[in-house]
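When a ligand or atom number is given, it counts from 1 through the structure's own listing order.
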Amino acid sequence: MIAGIKETAELIKSAQYVTAFTGAGISVESGIPPFRGENGLWNRYNPEFLEISYFRNYPEKSWKLIKEIFYDYFGQAEPNRAHRVLARMEAEGILESIITQNIDNLHQMAGSKKVFEFHGHSRTLICTECGRETAASVQKLETLPPRCSHCGGLLKPMFVFFGEGIPEQAAQDSYQAARTSDVFLIIGSTGEIMPASMIPAYARENGARIIEVNIEPSNYTHTVTDLFLQGKATEIMNQLAVELGI
Ligand code: NAD
């Protein structure tokens with residue numbers, strides 16, 4: 001057994017408010033690569049296509065990659081054991097909420113209900129002119145860039161581009177959850193993306209015990225983390241589920 005699993009289970013069992021904070025690492029075993037690192041998307045693509053100014057100036061070029069990566073490719077992914085264990089923990093009443101930086105919808109697909117999407121999501125497209133929203137599932141992405149059926153304005157996925165602010169409600173909900181937590185579980189996040197990277201510190205200010213799951217140490221490991229569980233998210237979360245008896 002991986003060191004720290006038993007202690008983690010005990011902490012979770014005796015906690016009042018447990019929050020999970022997830023990054024790209026939790027979805028790697030669902031076949032979605034992270035942005036950074038050895039197999040990261042930024043080794044294959046220039047990230048400029050996700051800059052809001054580039055998107056406005058070159059919507060067709062930007063959308064070509066958005067469609068290829070976030071809809072054709074990410075769209076095939078299924079939740080893995082780590083997503084499912086979190087959903088089960090919530091159903092059992094031992095996990096209060098999830099704050100995710102991911103935009104892939106895999107927590108919801110696994111059955112999680114209370115998910116704060118700090119960087120938005122890819123389920124919906126929003127018109128940059130009239131603000132009308134369209135489900136991505138009904139919008140045909142045959143002609144790019146996609147246009148609003150109401151006013152003809154440019155449609156944009158409802159996830160946060162570089163240079164955009166964090167959705168207000170998601171930010172408020174996330175900060176509130178962190179500040180209420182007494183156990184805070186970080187799974188697969190480098191801690192390099194501001195302002196999301198600050199969230200675990202808010203939990204720590206509240207006195208929360210910080211448990212981290214990652215294949216390698218991150219920016220959190222030697223700063224806020226109390227208990228570092230090294231390994232793949234699916235393996236660690238599977239062992240945790242066994243230890244929690246769920
Ligand atoms: P990140 O901060 O999300 O880091 C990924 C982390 O996951 C790294 O620390 C890595 O060591 C760890 N990791 C990799 N495989 C793992 C595994 N099997 N189990 C546990 N941990 C594992 O960094 P990023 O990828 O640069 O992402 C930047 C931003 O973009 C974040 O907000 C991220 O959530 C988002 N993003 C989202 C998706 C998605 O929706 N699935 C994919 C890529 C990036």
Does only the side chain of [X] get under 4.0 Å from ligand 1, or the backbone, or both, or neither? Count heavy atoms.
X	value
Pro33	backbone
Glu192	neither
Val28	side chain

[atom] - nearest protein heavy atom and its distance:
atom	answer
atom 3 (O) of ligand 1	Ala24 N, 2.9 Å
atom 16 (C) of ligand 1	Gly25 O, 3.5 Å
atom 18 (N) of ligand 1	Glu29 OE2, 3.1 Å
atom 2 (O) of ligand 1	Thr190 OG1, 2.6 Å
atom 41 (N) of ligand 1	Asp104 OD2, 2.7 Å

> Parallel, tilted or perpendicular for Trp42 and Phe49, by the 30°/60° rule?
Replying inline: perpendicular
>> For Phe55 and Phe161, take the angle between the two ring planes, folded into 0 to 90°, and tell me which bin it lands in: parallel under 30, tilted 30 to 60, perpendicular over 60.
In response: perpendicular
Show me which atoms of ligand 1 lie under 4.0 Å from any heavy atom of [X].
X	value
Glu216	11 (O)
Ser27	41 (N)
His119	32 (O)

Restricting to non-hydrogen atoms, name the atom on [X] and the atom on [Y] that form the minimum distance, rounded to 0.1 Å.
X	Y	value
Pro200	Phe184	CA-CE2, 3.6 Å
Ser30	Ala77	O-CB, 3.7 Å
Ala196	Tyr220	O-OH, 4.1 Å

Verify whether one side chain among [X] and [Y] offers a donor that lies under 3.5 Å from an acceptor in the other.
X	Y	result
Tyr45	Glu68	yes
Arg179	Asn206	no
Ser218	Thr190	no

Are any of the N/O atoms on [X], whether in the backbone or the side chain, positioned under 3.5 angstrom from an N/O atom of ligand 1?
X	answer
Phe35	yes
Ala233	yes
Gly188	yes
Ile32	no
Gly23	no
Arg36	yes
Lys232	no

From the options [options], select the one whose nearest heavy atom is closest to [atom].
atom	options	answer
atom 40 (O) of ligand 1	Ile187, Ile103, Asn105	Ile103
atom 38 (C) of ligand 1	Ile215, Thr100, Asn102, Thr22	Asn102
atom 12 (C) of ligand 1	Leu106, Asn214, Ile193	Asn214

>> Is any side-chain heavy atom of Arg147 closer than 4.5 Å to one of Leu154?
In response: yes
> Just wondering, do Phe116 and Ile98 contact through their side chains at under 4.5 Å, heavy atoms?
Replying inline: no
>> My understanding is that only one of Glu29, Arg81, Arg84 makes a side chain to side chain donor-acceptor pair (under 3.5 Å) with Thr234; could you say which?
In response: Glu29
>> So for atom NZ, which belongs to Lys13, do other residues, nucleotides or ligands contribute more than 12 heavy atoms lying within a distance under 6.0 Å?
In response: yes
> Any salt bridge between Lys6 and Glu10, counting N to O under 4.0 Å?
Replying inline: no
> Does Gly37 have a heavy atom less than 4.0 Å from any atom of ligand 1?
Replying inline: no
